[in-house]
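Here's the structure, in structure tokens; my notes come after.
These numbers come from the heavy atoms of this one structure, side chains and all, not from hydrogens, waters or symmetry mates. Remember, it's a predicted structure, so these values are computed and weren't measured experimentally.
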Amino acid sequence: MARPKKVIHQLTLRQFEQLFPDEDACKVYLRDHRWPDEISCPRCGSKKIYELSTMPFKWECIECAEGHAYRFSVLVGTIFENTNYPLRIWFQVIHMMLTSKKGVSALQVHRVIGTGSYRTAWSMCHRIRVGLQDKHFRRLLGIVEVDEMFVGGKVKNRHKDKRGPGSGGGRGSTSYGKVPVAGAIKRGGKVVAKVIDGIDTETLTRFVRATVSDKVSLLVTDQWPAYRKLGSEYPHATINHALGQYVVGAIHTNTIEGFWSIFKRGVVGTYHKVSKKYLPLYIAEFQFRYNNRKNPDIFGSAIKGC
């Protein structure tokens, strides 16, 4: 008899309200997750600091001082620094983004939080996405799937003079004007996605070398010609979608395509349009949620990164 799957509970709205009743509770949570062992100076890293008794959540560091002690607060060096909004509002926005599988639009944040303008909500969401970026990446091991996709509207929906060269099938004709994104995912593990310049052999090989360990047990791709040379560096297997193949034993790319599906539905259903300039930030958001899908303290991990 199969064991029931362990249910991972995220922070519910009721738990959020109980955990963060006021601004001080938010600052305590940020302090404890930013410095879990001992508070250190964000400028020089020294732990020889002392707390200001008359100014809560503020400290002074003498070691990095130039004529006078360096004073810093719990917000210094975080995405919350120099903000005009209470920390609790920021926490609410982060909670909204983490509990929405397909993301939440800045317009929805503006409606719920009541920011002064849509632009303010948009800026807050992007600053949070910066904090969600993976700063401690390790190359993937085990069985790894690699695939690429394109972000952009369908070519057939564009004006005729903007459809680009080619009218038949193939990736060249259907991807004209779109932004290519490469992804690698470990079966049952983490995903890495990155905006790339093209889907040629050199670019995709460089991406694989940067994201996949040379000790990988199996590297699975489709039969796009740009992947052919990977067999000389990795144990490489391919699946031929053109012949109707989707699963041949352990050989398939269904896991990475599942992640692409979540991301595309977020872009189409939530954001509607994503520019190439900010696309890496949206990818970082979806990547963080996916990689922490089994993390019972996903909110704490997000705060620690911010």
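Pairing each heavy atom of Asp200 with each of Ala226, the nearest pair is C-CB, 3.7 Å. Here the closest heavy-atom approach between residue Ala121 and residue Ala106 is recorded as CB-O, 3.4 Å. Heavy atoms only, all atoms of each residue included: Ile256 and Gly183 are closest at CD1-C, 3.9 Å. Closest non-hydrogen pair, Gln287 versus Ala193, comes out as OE1-N, 2.9 Å. Scanning both residues, Arg34 and Thr78, for their nearest heavy atoms gives NH1-CG2, 3.6 Å. Summarising the geometry of Ile113 relative to Gln92, their closest heavy-atom pair is CD1-OE1, 3.7 Å, with the distance given to 0.1 Å.
The ring pair (Phe, Tyr, Trp, His ring centres under 6.0 Å) check on Phe91 picks up Phe20, Phe299, with sequence neighbours excluded. Checked against salt bridge (Lys or Arg N to Asp or Glu O under 4.0 Å), Arg206 has the following partners two or more places apart in sequence or in another chain: Glu202. Taking the ring pair (Phe, Tyr, Trp, His ring centres under 6.0 Å) definition, one finds that Tyr271 meets it with Tyr282, sequence neighbours left out. In terms of the ring pair (Phe, Tyr, Trp, His ring centres under 6.0 Å) criterion, His236 has no residue partners (sequence neighbours excluded).
In this model, no donor atom of one side chain and acceptor atom of the other lie less than 3.5 Å apart for Thr253 and Asp147. For the residue pair Ser261 / Arg265, a side-chain donor-acceptor distance below 3.5 Å is found, with atom types taken as modelled. There is a side-chain donor-acceptor pair under 3.5 Å between Ser117 and Thr120.
For the pair Arg127 (side chain) and Met124 (backbone), a donor-acceptor distance under 3.5 Å is absent. Looking only at distances, a side-chain donor or acceptor of Glu23 sits under 3.5 Å from a matching main-chain atom of Leu87. Within the 3.5 Å criterion, the main-chain N or O of Ser46 finds no donor-acceptor partner in the side chain of Glu63.
Within the structure, no pair that satisfies the salt bridge (Lys or Arg N to Asp or Glu O under 4.0 Å) test touches residues 94-107, not counting sequence neighbours.
Residues Ile143, Leu218, Val220, Ile239, Ile251 make up the rest of the hydrophobic cluster containing Val248, defined by ILVMFWY side-chain heavy atoms closer than 4.5 Å, directly or through other members.
The aromatic rings of Tyr70 and Phe72 lie parallel to each other, with less than 30° between the two planes, well short of the 60° mark.
Under the 6.0 Å cut-off for aromatic ring centres, His252 and Tyr246 do not qualify, their centroids lying 6.0 Å or more apart.
A salt bridge links Arg71 with Glu60: the distance from a Lys NZ or Arg NE/NH1/NH2 to an Asp or Glu carboxylate oxygen falls below 4.0 Å.
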